[in-house]
Amino acid sequence: MSSTYSITLPDGSIKVVSAGSTSLDVARSIGQRLADDAVAAKVNGELIDLTRPFDSDSTLELLTSKSPEALEIYRHSTAHLLAAAVLELYPGTKLGIGPPIKDGFYYDFDRPSPFTPDDLEKIEQRMREIRDRDLPYERRLVAKPEGLKKYEELGEPMKCELISERAGDIFSEYTLGPQFIDFCRGPHVPSTKRIKAFKLLSIAGAYWKGDEKRQQLQRIYGTAWFSQKDLDEHLHKLEEAKRRDHRLLGKQLDLISIQELAGPGLIFFHPKGALVRKMLEDWMREQYLRRGYSLVNTPHVMRESLWEVSGHLSHYADNMYAAIELDDARYRLKPMNCPGHILIYRDKQHSYRDLPVRLGELGTVYRYERSGTLHGLFRVRGFTQDDAHIFCRPDQIEDEIVNCLEFAVDVLKTYGFHRYKAEISVWDGGKSGKYDGTPEQWALAEKALHRAVERVGLEATVMADEAAFYGPKIDVKLLDALDRPWQLSTVQFDFTLPRRFELEYTGEDGAKHQPLMVHRALYGSVERFFGILLEHYAGAFPTWLAPVQAIVLPIADRHLDYAKTVQTQLEAAGLRVEIDARSEKVNYKIREAQLQKIPFMLVVGDREAADGKVAVRTRKGGDLGARAVAEVVADIAKLVADKAPTE
RNA sequence: GCCAGCGUAGCUCAGAUGGUAGAGCAUCUGAUUUGUAAUCAGAGGGUCGUGGGUUCGAUCCCCUCCGCUGGCUCCA
């Protein structure tokens, strides 16, 4: 063994170190600041502890707080700190897993009595105490049989399970203080004093290994950041998200409600909400017609035998409402629109010349979702899909997919989303046998998806083995104003239904062929899309969507008549206008209009009435001064016509 | 569905370690006639989510159910 190693740094410089030296030593030799900032080391491409000695000539990259990988390691170390605190406070608690996640970490625990919110504070306090003890995260190597025995003696059955499944002959474990040991790959920060800013956020139940047949554990979620400032920013962002919550805004702006008497997961659109929804639907229907779709309508309940043919009864029954018994048969509420559209396609013969046939519908479907999963407008039991099915020939599919994707991108742009990407979900090549359809069909469809993404210029990632069993798909995901991801549009091939329903068209050769079927929804669910928009705009819908686009605010009762003439002029231009005729001060009326996020407030008093003007105030720009009514009408009308993203 | 927390006036919330409840906003009435984010006064409004149990007495303690919230699982 050599007594020195040469360590190559990212800038190409080489440090020669003696055996036994660590990355931390190298960092110190460069500067104490770097040593303090370094979280872990990447040695020969492998993430390891700063305190692990070199055992060969190596390349070294020091991960500092600027690296995303470092933040994960840091959060993982914070999770260990959490577990150590829990074991100190509640001896006998059994450990599950404690990984870093987006924005934080969690740790799963098994103990007879659940944690309470008060416990959370105690645990956080104890974490700070342990942190201040400046304990090292020490890595040890253990032989598997010996280790298994040890964890069994420690009373850690879940750790034993993990070790038997995942560990090699020799595995690593990390200690923190005299008591805490965790089977863990690492790496970790060198010591607890490195952990600066964290907060425990919530307690939740979670099944061991995500399997609801296994025991349920207590999961504690927390967040951790390199600085108090980052933590504060994150907490602030959580507050902002809360402020924008569509359930809150939906109530405040009197847009929607969910009525206990009617049932959970069922949405009531109030007058203003229904108006916004109408705008979304009108836009979509207009686009359908422009883009060569035919609009159809299909029934909400249909015979159970239809769902037998479609296969929903065997594959999807758990999500379907129970049958309704009528005189002649059992009927089912539709969970999907496809079979209805297929029946329309099948109702007549098709020539290859007729294709593609594009049948679209804003179809309301009902699905039984488990009660615990319901969430505002985002997860409901009755919702309306902007659903269409395209029946086409093999030579047409690429163009059809391109059209769908262009359409999807138009949706995003129209509603002010500028950051999005696509995910192509493909099969496993047929290895598992769980996918329907022939290899030729899969190859054809997947090729079309790839080429279409390329042609449209969408950024896309390929998700292997993520396809639906009936065909590959493209999902479009977007980031909203708060950088939160949402799944929106989906374009899916379906090899199963054309076969089940024996769909056909007559080809050029006079023979019968089976058409390809594409299922696509762009808003996804109108209700959910409405909720996404509500949060994206924080309730301040752009003028073209705003349920009330302008409100006329007379200063005194004597201005009411003039206010009405102003309203009439705006309405003549097709605008949605209200008058606040109450005997209140302007300040009061402005405050209310502002809270209702009405884009334009038009104040009228003696001066305006005399000059045929209105004093314009926008919800964002404040008082803009008096202007002629006709000009204001024209400006607002133009914003509406342009579907301008803001006022 | 499961785990945990929650459910008090239309809304946001207070409250009593068991003796049938209160504020602000909103609503209604009256006064005020107002110039860019809340004018003043008065009044009405609650079987304290539901059903049961314990108790002399329950909104409070216990159980059931319903709903909501955070997760798990699932997904548009």
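Numbered from 1 within each chain, the chains take letters A, B, ... in sequence-line order.
- Among the protein residues, A:Gly524 comes within range of the sugar-phosphate backbone only, with heavy atoms under 4.0 Å from sugar or phosphate atoms but none that close to a base.
- Comparing the P positions of B:U20 and B:C28 gives an interatomic distance of 33 Å, to the nearest angstrom.
- Note on A:Glu584: a base of the nucleic acid sits closer than 4.0 angstrom, heavy atoms only.
- For the C1' atom pair drawn from B:G67 and B:G45, the interatomic distance equals 24 Å after rounding to whole Å.
- Relative to the ring axis of A:Phe105, A:Arg75 does not place its NZ or CZ within 45° and under 6.0 Å from the centre.
- Here B:U12 presents its P atom at 9 Å from CD of A:Gln252, a figure rounded to the nearest Å.
- Nucleotide B:C74: unpaired (no Watson-Crick or G-U wobble partner with both distances less than 3.5 Å).
- Picking from B:G70, B:U12, B:U33 the nucleotide with the shortest atom distance to the side chain of A:Ser202 gives B:G70.
- Rounded to whole Å, the distance from CZ on A:Arg582 to P on B:U39 is 10 Å.
- Rounded to whole Å, the P atom of B:G57 lies 28 Å from the corresponding atom of B:G15.
- The side chain of A:Tyr588 places no N or O atom within less than 4.0 Å of a non-bridging phosphate oxygen (OP1 or OP2) of B:U36.
- Considering only side-chain atoms of A:Ile590, the nucleotide from B:U36, B:C72, B:G35 that sits closest is B:U36.
- For the pairing with A:Tyr523, the ring-ring contact (aromatic ring centres under 6.0 Å, His included) check across A:Tyr415, A:Phe530, A:Phe383 returns one residue only, A:Tyr415.
- Classified by interplanar angle (parallel below 30°, tilted 30° to 60°, perpendicular above 60°), the ring pair A:His375/A:Phe378 is parallel.
- Close to B:U34, at under 4.0 Å from its OP1 or OP2, lies a side-chain N or O of A:Arg558.
- Between A:Phe109 atom CZ and B:A4 atom C1' there is a gap of 15 Å when expressed in whole angstrom units.
- Residues A:Phe495 and A:Trp427 place their aromatic rings such that the two centres sit no closer than 6.0 Å.
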Given the rule in the side-chain contact (heavy atoms from CB on, under 4.5 Å) test, do A:Leu497 and A:Cys338 qualify, once you have shown the distances and angles that lead to the verdict? CA-CA 9 Å; A:Leu497 288 176; A:Cys338 358; 3.9 Å; yes
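- Phosphate proximity of B:U36 to A:Asn587: absent, as no side-chain N or O sits under 4.0 Å from OP1 or OP2.
- Nucleic acid contact for A:Val586: sugar-phosphate only, since backbone atoms but no base atoms lie under 4.0 Å from a heavy atom of the residue.
- If you measure from atom CD1 of A:Ile220 to atom C1' of B:G5, you get 14 Å, rounded to the nearest angstrom.
- Of the candidate nucleotides B:G35, B:U36, B:A76, B:U36 has the atom lying nearest to any side-chain atom of A:Asp623.
- Dashed line: the shortest gap from a side-chain N or O of A:His559 to OP1 or OP2 of B:U34 is not under 4.0 Å.
- In this structure, of B:A76, B:C11, B:A38, it is B:C11 that holds the atom nearest to the side chain of A:Lys251.
- Positionally, the nearest nucleotide of RNA chain B for A:Pro114 lies more toward the 5' end than for the other of A:Ala615 and A:Pro114.
- Residue A:Arg370 contributes atom CZ, which lies 12 Å from atom P of B:C3 at whole-angstrom precision.
- Across the P atoms, B:C61 and B:U73 are found 33 Å apart, a figure rounded to whole Å.
- The residue A:Gly372 sits close to a base: some heavy atom pair falls under 4.0 Å.
- The side chain of A:Arg379 lies closest to B:C74 when the candidates are B:G35, B:C74, B:C68.
- In this entry the distance linking CD of A:Glu369 with C1' of B:G71 reads 17 Å, nearest Å.
- Residue A:Ser371 places at least one side-chain N or O under 4.0 Å from the OP1 or OP2 atom of B:G1.
- A donor atom on one side chain and an acceptor atom on the other are found under 3.5 Å apart for A:Ser257 and A:His270.
- Checked against A:Glu240 for a side-chain hydrogen bond (donor to acceptor under 3.5 Å, both in side chains), the options A:Arg244, A:Lys237, A:Lys242 give a single hit: A:Arg244.
- A:Arg247 has a side-chain polar atom (N or O) that falls below the 4.0 Å cut-off from OP1 or OP2 of B:G70.
- Nucleotide B:C25: paired with B:G10 (Watson-Crick or G-U wobble, both distances less than 3.5 Å).
- Distance from the side chain of A:Pro264 is smallest to B:G67 among B:C2, B:G67, B:U33.
- Checking B:C3, B:A37, B:U39 against every side-chain atom of A:Gln218, the shortest atom distance belongs to B:C3.
- Comparing B:A76, B:G71, B:C72 against the side chain of A:Tyr207 picks out B:C72 as the nearest.
- Annotation: B:A16 and B:C74 have their P atoms spaced 44 Å apart (nearest Å).
- Relative to the side chain of A:Val380, the nucleotides B:U33, B:A76, B:U36 differ in distance, and B:A76 lies closest.
- Among the protein residues, A:Arg219 comes within range of the sugar-phosphate backbone only, with heavy atoms under 4.0 Å from sugar or phosphate atoms but none that close to a base.
- Between A:Asp245 and A:Arg591, it is A:Arg591 whose nearest contact on RNA chain B lies nearer the 5' terminus.
- At B:C72, one or more side-chain N or O atoms of A:Tyr221 fall inside 4.0 Å of OP1 or OP2 (strictly under the cut-off).
- Only the P atoms considered, B:A14 is 29 Å distant from B:C2, to the nearest whole Å.
- Remark: B:G5 base-pairs with B:C68. Criterion, Watson-Crick or G-U wobble with two distances under 3.5 Å.
- Base pairing analysis places B:G19 opposite B:C56; the two distances defining the Watson-Crick or G-U wobble pair are each below 3.5 Å.
- Side-chain N/O atoms of A:Gln492 and A:His519 include no donor and acceptor closer than 3.5 Å.
- We find that CG of A:Asp580 is positioned 12 Å from P of B:A26, with the value rounded to whole Å.
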